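The structure under discussion appears below in the form of structure tokens.
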Amino acid sequence: MRHMLKPLDFSVEETAELLSLAGRIEKNRAAYAKVMEGKKLATLFYEPSTRTRLSFEAAMLNLGGSVLGFQSADASSASKGESVADTVRVVSCYADIIAMRHPKEGAPMVASEFSRVPIINAGDGGHQHPTQTLTDLMTIQSLKGRLDHMTVGLCGDLKFGRTVHSLISSLIRYPGIRFVLISPPELRIPGYIREDVLEKNRIPFTEVDSLEASMPDLDILYMTRVQKERFFNEEDYIRLKDSYILTEEKLKNAKEDMFILHPLPRVNEIAVEVDKDPRAAYFKQVQYGVYVRMALIMKLLEVKETC
Amino acid sequence: MRHMLKPLDFSVEETAELLSLAGRIEKNRAAYAKVMEGKKLATLFYEPSTRTRLSFEAAMLNLGGSVLGFQSADASSASKGESVADTVRVVSCYADIIAMRHPKEGAPMVASEFSRVPIINAGDGGHQHPTQTLTDLMTIQSLKGRLDHMTVGLCGDLKFGRTVHSLISSLIRYPGIRFVLISPPELRIPGYIREDVLEKNRIPFTEVDSLEASMPDLDILYMTRVQKERFFNEEDYIRLKDSYILTEEKLKNAKEDMFILHPLPRVNEIAVEVDKDPRAAYFKQVQYGVYVRMALIMKLLEVKETC
Amino acid sequence: MRHMLKPLDFSVEETAELLSLAGRIEKNRAAYAKVMEGKKLATLFYEPSTRTRLSFEAAMLNLGGSVLGFQSADASSASKGESVADTVRVVSCYADIIAMRHPKEGAPMVASEFSRVPIINAGDGGHQHPTQTLTDLMTIQSLKGRLDHMTVGLCGDLKFGRTVHSLISSLIRYPGIRFVLISPPELRIPGYIREDVLEKNRIPFTEVDSLEASMPDLDILYMTRVQKERFFNEEDYIRLKDSYILTEEKLKNAKEDMFILHPLPRVNEIAVEVDKDPRAAYFKQVQYGVYVRMALIMKLLEVKETC
């Protein structure tokens, strides 16, 4: 039995297969509308995350399956002192596959050791969020036609931004990737990413302060939210949150075929005027997220395609 | 693409068609049991409203569709600072139609500007609640066989009662409607309804204090709840809430074929003894609410009837 | 119309039929995968109970039906002052069967008087939880092949433990049942169980302090959680909660074919090392709970088997 706990759980080959299946789903949704009939997805969300939860639920419903679960820990047995291990053993009796969101790092890993059904990590604290990474990869692949030979700009909170770390770790598996890391000095990528991931693998990268200056080089611009909850004091948050706001003005020197991604929700780091720009891809990204989750559910439950 | 944002969004003709479809659904539910197969309704409830939410969900499930969503703002991305516009653009990727409840007036209107799928306003603050009005109209039409030439008594909180304002605005489109407005002086209808809706359209109406005195004239008695949250102080609430309680005694002089409606939930404004009276129609009204929402979902998604 | 309000609502014969149907479901799930197509279960949970709610939802989904409802009172109209009677009359218009959890004893009974559809009591305060009892009975029946002629050990909080009281009341209907009641003196079974149920029906039982000493006699060991919320002070809770922890060591003298049940969630009253013991049946019990709820839904909605 396979689980999806970390972005690198799937090899480059397996990821290619998954994205290829997701692409076939996109082109012919009707062909997959009943492949999960009679199957159930449990969404165990120990902290709320509407976007992610609804994406999983839409994915399962699109496949003809059904959904049960909880949306926050208050509504769960966790408040009665039950362990994740016990909860997952119980829910294994209710569902065929589980998507788990948990504030504690490693909770989905523990769950996978006790579950009788596949576990998908839907985010564990600041740790991993593999289906976001798969969504990002599918978006890049779909819009650029490839995952290699690109200059990828990552902008905003690169210190705490989980999605950024995962995307870096995933993209370095493809040849010809170069990163431009755009952030205030306080929010630069942590040492273990810089040294153990980038330098160790001899991946070219630059760390810069200015969003505008690096713009002309980029094939992909990945924006991130500066999350209030990551800061220790209000002052730092207020000073930094607006530093890296993307506007049409700043996009002037960007390539015509550059694409702007964002894991959402955005607060104000992308001005709404940018939404109309043909390079804005963050809402398309949401749609790709559904397709890639459909593909993942099929793959983990080993559903053969009949079409 | 059509939305349903305000009670008057549908013309008299369109409303007639909708009620007619709802009537056909009532008579032959089985014929409509799969018309929404593979379609998804998102219920985005930024404030809880179990009754309304479950009515929408029952409607979509009765049509063979499925449902996803959230039940309160805590469980939504709103708490992360996301705008309604962004949320609705995201949810457009997950669902085929959206029912939105929001404490802020106009939120569903904003949503409709950014959504790729039809938006149904499921109540926005003290503003609009068009499916309640459609429910009221269907109940009157079904029980009385017509929407015209009637004396309609509206009783209780006419000042803040959103459903009452919408019902008045809708009913004046039919000939021969007369209103009896029954409330304490403090809770009379606001000026913009009295002047801009009733007087301007030369609709006959009387404003009275006594529920009993006006009873014999009424074809419909529409009771409303005196909502605690509308009052500025506890004393006023306590003094007024019990003023207009409907009892069997007060119904003595009512017509045999008068019907009692109430948008529910009731607290104590209708004594439970009245429930057994054949004129009590407020629970039937709930059932009509499901049929009319089924019809509305079909109409907004332009589902052709095959039966 | 039948409801399921108390563990003894079904006679010994009806219970046998129900367990037999649940057994057939277990053996051939596919045969029952669509028997509830087009039907809806409403889960009205006025207090959260994830395990029970998800078990009901899984049961209904396994039968091809669908689910709507609420997970806690905050999300319900109860907060607007609506009575259970009114809520259930409304929800009767939305669903074909209702599972209700309520903190107040007797609420599901009241609901059944006003509902147009069958009500299943999914737990009312410290009072009744009949589907837990049915789950326990099915587990014993399935694992031991019988419900009679057994020595059943009940361990832990026998004073407040609702499931224990219901299980005793149900099992005394079968011949040859003997109980060993294992608890600290403060948490012994209440007088009305000792006198009105056990002594009155001349059921053999012993009350003991030691879990280990009674172990060799038992055919079934039913462990229970010591719930913090049942205690008046923290000290008593801390002193007592660990008194009756089941370990592999304590199981040394147990019969080979004894089975350990637990209504879950467990906190620490069964050491995790015991989970691997072939006698540990508490997770199997969860699975049986789904089958028995499937059978119950079918029976209350009078679905004929076609297989």
Side-chain angles (χ1 to χ4, degrees), chain A residues 34-48 50 53 57 60-61 63-102 107 110-111 113-117 297 301, chain C residues 26 29-30 32-34 37 41 43 45 47-75 135 225-229 241 262-270 272 275-276 280 282-291 293:
Chain A
K34 302 208 167 186
V35 294
M36 282 292 156
E37 211 168 39
K39 301 284 183 191
K40 282 163 284 134
L41 165 72
T43 47
L44 307 188
F45 275 57
Y46 288 85
E47 63 180 7
T50 311
R53 181 173 59 81
E57 297 191 6
M60 190 56 167
L61 295 172
L63 295 168
S66 51
V67 176
L68 44 73
F70 52 84
Q71 307 177 12
S72 68
D74 329 330
S76 83
S77 297
S79 57
K80 295 181 187 163
E82 188 175 54
S83 69
V84 164
D86 274 17
T87 298
V88 89
R89 266 187 285 208
V90 167
V91 175
S92 293
C93 300
Y94 299 155
D96 301 284
I97 187 164
I98 292 171
M100 175 182 285
R101 175 88 160 209
H102 203 288
V110 171
E113 288 162 21
F114 292 94
S115 178
R116 301 188 313 187
V117 303
I297 291 169
L301 288 178
Chain C
E26 183 191 4
R29 273 184 51 172
Y32 300 85
K34 301 207 167 185
E37 210 168 40
L41 165 72
T43 47
F45 276 57
E47 64 179 7
S49 175
T50 310
R51 176 183 321 283
T52 303
R53 181 173 59 81
L54 295 186
S55 182
F56 274 108
E57 297 191 5
M60 190 57 166
L61 295 171
N62 284 348
L63 295 168
S66 51
V67 176
L68 42 74
F70 52 84
Q71 307 176 11
S72 68
D74 330 330
T135 299
R225 182 161 65 101
V226 176
Q227 292 184 261
K228 200 172 181 174
E229 58 266 38
K241 81 181 166 81
H262 189 300
L264 303 182
R266 77 161 150 194
V267 181
N268 59 357
E269 57 280 356
I270 302 178
V272 290
D275 297 358
K276 279 169 250 143
Y282 30 94
F283 292 117
K284 279 180 206 153
Q285 202 176 347
V286 174
Q287 187 66 69
Y288 289 128
V290 177
Y291 297 136
R293 286 181 178 95

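Side chains included, hydrogens not; waters and symmetry mates left out as well; all remaining heavy atoms used. Within every chain, numbering begins at 1; the chains are lettered A, B, ... in the order of the sequence lines, protein sequences first and strands thereafter. Computed from a prediction, not measured in an experiment: that's the story for all the values here.
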Should [X] and [Y] count as side-chain neighbours, where that means a heavy-atom distance under 4.5 Å?
{"X": "C:L61", "Y": "A:L68", "answer": "yes"}
{"X": "C:T50", "Y": "A:E82", "answer": "no"}
{"X": "A:K40", "Y": "C:N62", "answer": "yes"}

My understanding is that only residues two or more places apart in sequence, or in another chain, count here; which of them pass side chain to side chain donor-acceptor pair (under 3.5 Å) with C:S55? C:R293
Option in C:K284, C:Q287, C:E57, C:R29 with maximal non-hydrogen atom pairs under 4.5 Å from chain A: C:Q287
Looking only at C:V290, C:D275, C:L264, the option with the highest number of non-hydrogen pairs under 4.5 Å against chain A is C:D275
Taking every heavy-atom pair that is under 4.5 Å apart, which of A:A42, A:G69, A:G38 has the most such pairs with chain C? A:G69
Could I get the full list of ring-ring contact (aromatic ring centres under 6.0 Å, His included) partners for A:H102, not counting sequence neighbours? A:Y46
Starting at OG of A:S83, measure out to CZ of C:R266 and round the result to the nearest 0.5 Å. 6.0 Å
Rounded at 0.5 Å granularity, tell me how far OG in A:S72 sits from CD in C:Q71. 7.5 Å
Sorted by chain and number, sequence neighbours left out, side chain to side chain contact (heavy atoms under 4.5 Å, CB included) with A:E37 holds for A:K34, C:K34
Minimum heavy-atom distance A:V91-C:L54, with the two atoms named: CG2-CD1, 4.4 Å
Residues of residues 93-100 of chain A under 4.5 Å from chain C (heavy atom pairs)? A:C93, A:Y94
